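I have placed the structure first, in the form of structure tokens, so that the comments after it can refer back to it.
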Amino acid sequence: MIRRLYSLVFIRDILNRKVLLGFKKRGFGKFKWNGLGGKVHSDESIIDGARREAKEEACVELENLKYVGYLEFQFEYDMNDIMATHVFCADEYSGEIAETEEIRPQWFDYDKVPFDKMWKDDKFWFHYILSNKLFKGFFLFQSDQETITHYELNEVDKLE
Ligand SMILES: Nc1ncnc2c1[nH]c(=O)n2[C@H]1C[C@H](O)[C@@H](COP(=O)(O)OP(=O)(O)OP(=O)(O)O)O1
């Protein structure tokens, strides 16, 4: 089994109850809203990969990233491959959020998150992002990348 490392970052505006999502303009997950993030490079830590992706995709610098979740995604077209995705939140940033070639960023009210235009698993665990709880999950998708065949999801006390 190959576990490929990914980061996924949600920037929150706690005061105004908004979360930053990015509309993916190309590549895997094209035309979906998601957090910022992507593949962790072999020469960087997971948290450094998360910071790099946030800068590349939305031009923001993140300092205090909180590790909040661990998600595994598997697709029936390749059962030997697992996307091991480390989920972070950030409540402060510097720089000016800007659209890039890959991502169009936009703030969403906590109660207007566009789940119908996101990965199908997101609606299961997104409440943890908004409530400061830690979570772990596994989602098996059919080859269409839209249908969830099986999932496991738990709130946890700590993440290793
Ligand atoms: N099912 C699901 N729910 C929520 N988030 C995700 C998924 N599947 C996913 O892949 N993701 C997340 C995990 C990552 O943050 C991205 C995918 O990363 P990707 O765009 O492939 O990686 P990059 O390194 O940015 O890609 P390129 O620059 O090489 O195109 O989505």
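All of these numbers come straight from a predicted model, not from anything done at the bench.
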**Report entry** Nearest-0.5 Å distance, CG of residue Asp122 to CZ of residue Phe10
**Finding:** 6.0 Å
Report task. Take the angle between the ring planes of Phe28 and Phe75 and call it parallel below 30°, perpendicular above 60°, tilted in between. Result -> perpendicular
Pair up each side-chain donor or acceptor in residues 58-67 with any protein partner under 3.5 Å, not counting sequence neighbours, and list the distances.
residue	atom	partner	partner atom	Å
Glu61	OE2	Lys55	NZ	3.2
Asn64	ND2	Glu92	OE2	2.8
Lys66	NZ	Asp91	OD2	2.5
Tyr67	OH	His86	ND1	2.7

Query raised in the report: Do the charged groups of Arg17 and Asp109 touch, with an N to O distance under 4.0 Å?
Result: no
Query raised in the report: Quick one: does Phe88's side chain get under 4.5 Å of Leu8's, heavy atoms only?
Result: no
Query raised in the report: Honestly curious: do Phe138 and Val156 fall in one hydrophobic cluster under the side-chain, below-4.5 Å linking rule?
Result: no
Query raised in the report: How far does CG of Leu134 sit from NZ of Lys158, to the nearest 0.5 angstrom?
Result: 11.5 Å
Report task. Could you tell me whether the side chain of Asp144 and the main chain of Glu146 form a donor-acceptor pair under 3.5 Å? Result -> yes
Query raised in the report: Do Asp157 and Lys133 touch side chain to side chain, with heavy atoms closer than 4.5 Å?
Result: no
Report summary line: Smallest heavy-atom separation, Ser45 atom then Val40 atom, equals O-CG1, 3.9 Å
Query raised in the report: Within the distance-only criterion (no hydrogens, no angle test), does the side chain of Ser143 pair as donor or acceptor with the backbone N or O of Tyr77 below 3.5 angstrom?
Result: yes
Query raised in the report: Looking at CG of Leu153 and CZ of Phe124, how far apart are the two atoms once the value is rounded to the nearest 0.5 Å?
Result: 8.5 Å
Query raised in the report: Are Lys136 and Glu152 close enough, and set up right, to give a side chain to side chain contact (heavy atoms under 4.5 Å, CB included), and what steps lead you there?
Result: CA-CA 8 Å; Lys136 268 188 181 180; Glu152 292 160 29; over 6 Å; no
Query - Minimum heavy-atom distance Glu99-Pro105, with the two atoms named - result: CA-CD, 3.5 Å
Query raised in the report: Is Met79 reachable from Tyr151 through a run of hydrophobic residues whose side-chain heavy atoms are each under 4.5 Å from the next?
Result: no
Query - Cationic N near anionic O, under 4.0 Å, Arg3 to Glu72 - result: yes
Query raised in the report: Measuring from Gln74:CD to Ile82:CD1, what's the distance to the nearest 0.5 Å?
Result: 4.5 Å
Query raised in the report: Going through the checks in order, is the side chain to side chain contact (heavy atoms under 4.5 Å, CB included) test met by Val9 and Cys89?
Result: CA-CA 6 Å; Val9 183; Cys89 285; over 6 Å; no
Requested in this report: Rounded to the nearest 0.5 Å, what's the gap from CG on Asp81 to CE on Met83? Could you check?
Outcome: 8.0 Å
Query raised in the report: What closest approach, in Å, do Gln106 and Trp33 show between heavy atoms, and which atom pair accounts for it?
Result: OE1-CH2, 3.4 Å
Query raised in the report: Checking Asp78 side chain against Asn80 main chain: does a donor-acceptor pair fall under 3.5 Å?
Result: yes
Query raised in the report: Counting only heavy atoms not in Lys117, do more than 12 sit closer than 6.0 Å to its NZ atom?
Result: no
Query raised in the report: What's the shortest heavy-atom distance between Lys39 and Tyr6, and which atoms?
Result: CG-CE2, 3.5 Å
Query raised in the report: When rounded to the nearest 0.5 angstrom, what distance separates CZ in Phe108 from CE in Met118?
Result: 8.0 Å
Query - Non-hydrogen side-chain atoms of Tyr110 and Ile14 separated by less than 4.5 Å - result: yes
**Report entry** Test item: Lys25 and Ile103 side chains (from C-beta on) under 4.5 Å apart, heavy atoms
**Finding:** no
Query - Exercise: identify the closest heavy-atom pair between Pro114 and Leu21 - result: CD-CD1, 3.6 Å
Requested in this report: For the pair Phe139 and Leu71, evaluate side chain to side chain contact (heavy atoms under 4.5 Å, CB included) and give the outcome as yes or no after the intermediate values.
Outcome: CA-CA 8 Å; Phe139 292 85; Leu71 294 169; 4.0 Å; yes
Query raised in the report: Is the closest side-chain heavy-atom distance between Asp13 and Val19 below 4.5 Å?
Result: no
Query raised in the report: Would you call Arg51 and Glu44 a salt bridge, using N to O less than 4.0 angstrom?
Result: no
Query - Path from Leu5 to Met1 over hydrophobic side-chain contacts below 4.5 Å - result: no
Query raised in the report: So Thr100 and Glu56, side-chain hydrogen bond (donor to acceptor under 3.5 Å, both in side chains) or not? Walk me through it.
Result: CA-CA 8 Å; Thr100 59; Glu56 282 175 11; over 6 Å; no
Query raised in the report: Side-chain contact, heavy-atom cut-off 4.5 Å: Thr149 with Thr147?
Result: no
**Report entry** Derivation and outcome, ring-ring contact (aromatic ring centres under 6.0 Å, His included), residues Trp119 and Phe141
**Finding:** CA-CA 10 Å; Trp119 283 99; Phe141 282 83; 5.8 Å; yes
Requested in this report: Of all the heavy-atom pairs spanning Arg26 and Glu101, show the shortest one and how long it is.
Outcome: NE-OE2, 3.4 Å
Query raised in the report: With ring centroids as reference points, do Phe126 and Phe115 lie under 6.0 angstrom apart?
Result: yes
Query raised in the report: How are the rings of Phe135 and Tyr128 set relative to one another: parallel (under 30°), tilted (30 to 60°) or perpendicular (over 60°)?
Result: parallel
Requested in this report: Output, in order, the C-alpha distance, side-chain angles, deciding distance and verdict of side chain to side chain contact (heavy atoms under 4.5 Å, CB included) for Tyr70 and Val87.
Outcome: CA-CA 6 Å; Tyr70 175 73; Val87 189; over 6 Å; no
